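Lettering of chains follows the sequences in order, A, B, ..., and the numbering in each one begins at 1. Quick caveat, the model's predicted, so the values are computed rather than measured.
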There are 2 protein chains.
Amino acid sequence: MQAKDVILGLLKKKDMSGYDIKKRFEEEFSFFFDSSYGSVYPTLKKLESNQYIHKKTLIQEGKPNKHLFSITKKGEELFECYLESEVKRDNIRSDICMRLYFGEFINKKQMLTIIKNTISQNEKTVHQLEHMYTLYGGNMSDTQKISLEIGIEYHKSQLQVLQDGIQKL
Amino acid sequence: MQAKDVILGLLKKKDMSGYDIKKRFEEEFSFFFDSSYGSVYPTLKKLESNQYIHKKTLIQEGKPNKHLFSITKKGEELFECYLESEVKRDNIRSDICMRLYFGEFINKKQMLTIIKNTISQNEKTVHQLEHMYTLYGGNMSDTQKISLEIGIEYHKSQLQVLQDGIQKL
DNA sequence: CGCCTCATGTAAGCAGTTACATGATTCG
DNA sequence: CGAATCATGTAACTGCTTACATGAGGCG
């Protein structure tokens, strides 16, 4: 699962620009995927030069022009390959867990600050994701809802553990 | 937070070999970090050539020799820099969420198989982590326990969402 | 007047993966 | 007798990040 797979999937649903795609990553995908512009645009370029996607320019008034990409038959086949590949297990890199693991090397006051910051960050994220659920939940498929719920419950569970944990320190 | 930070932290606690470190990644760190041999050994080499760590060879009988690494003063300073850096938010790449998000492109039977496999994988992981908790919990610091709990609760929450979700499909 | 949003991209660099290569010992 | 564990490493590649570069329009 890498940028090209996600991009192909998105383009299979709807024509999009690089900017649109990146925005999508920050919203619905924020929990399970992220990528920078420096990844999105070169990936699009590469996919286009191999005829997996097709570019057309949309002239807009009052706004800069947009490069709208659409998936080709060849691109759909490539996406199909991804879908048939084995499901990889979640890949997580958690800096907060790292700080907790090496907690003995940080003084208690700093540790409390770190945890409290993480708690409030988590609260924000939970609210954001729940907001998305109420806004778009109606238009989402059952499985899409499940993926969003996984994100919500992940942050909620981390929040809970941190709140309980801070009491015992 | 990258391989070199984790390795320095581990060596600050105890002298270790590349093999030991990789094993540790597969156990206690499995939830929040992973890295292959192809990353561990080159990282050690680089750290050593810059005098952040020091190598000594341990001759073993019946087993291959070991390269035991210990952290230097310079290395401790570098680790200190990491500890003073701002805490980055969790970075997650979840292939299962991706499959769920693009569920409309997979047939229902396949989707059920994918979910069921993920459920049993999650169950295994939860058992493993809980086993670790009972085994090593006594020797772990409060914050180390919290990091392990975050891992356990993450997998438990994902398990729960998938089990609930599968009923509704 | 300055910041935010919209919009597209490049260049340099690096961190990390995959695959390969080797070899002794122990256990079932 | 084969598989697993212990143990170390390299080479080629690649995906991604960071930082840079540009510029128009809207909003307060």
Discussion item. Could you work out, with side chain to side chain donor-acceptor pair (under 3.5 Å) as the rule, every residue matching B:Ser147, not counting sequence neighbours?
Written reply: none
Worksheet item: Rounded to the nearest Å, what distance is computed from the NZ atom of residue B:Lys23 to the P atom of nucleotide D:dT8?
Response: 11 Å
Discussion item. Whether B:Tyr19 contacts D:dT8 is assessed here as follows: a side-chain N or O lying under 4.0 Å from the phosphate OP1 or OP2. Is that the case?
Written reply: no
Fill in: Atom-to-atom span, CG of A:Leu8 to C1' of D:dG15 - whole angstrom
15 Å
Practice prompt. Establish, with yes or no, whether the OP1 or OP2 oxygen of C:dT10 is under 4.0 angstrom from a side-chain nitrogen or oxygen of A:Lys45.
Written response: yes
Worksheet item: With A:Asp164, which residues qualify under side chain to side chain donor-acceptor pair (under 3.5 Å), at least two apart?
Response: A:Gln160
Worksheet entry | Co-members of A:Leu68 in a cluster of I, L, V, M, F, W and Y side chains, linked at under 4.5 Å | A:Leu58
Discussion item. Just the rounded figure in Å: distance from P of D:dT17 to CZ of A:Phe25.
Written reply: 10 Å
Item to complete: Find out whether the Lys NZ or Arg CZ of B:Lys12 is both under 6.0 angstrom from the six-membered ring centre of A:Phe105 and within 45° of the ring's axis.
Response: yes
Discussion item. One character per nucleotide, please: for nucleotides 13-28 of chain C, 5' to 3', B when the base has a protein heavy atom closer than 4.0 Å, S when only the sugar-phosphate does, - otherwise.
Written reply: --SSBB----B-S---
Discussion item. Rounded to whole Å, how long is the line connecting atom CD of B:Glu26 with atom P of D:dC6?
Written reply: 10 Å
Item to complete: Rounding to 10 degrees, work out the angle separating the end axes of the helix from C:dC1-D:dG28 to C:dG28-D:dC1 (five pairs an end).
Response: 50°
Worksheet item: Can you name the salt bridge (charged side-chain N to carboxylate O under 4.0 Å, His left out) partners of B:Asp5, sequence neighbours left out?
Response: none
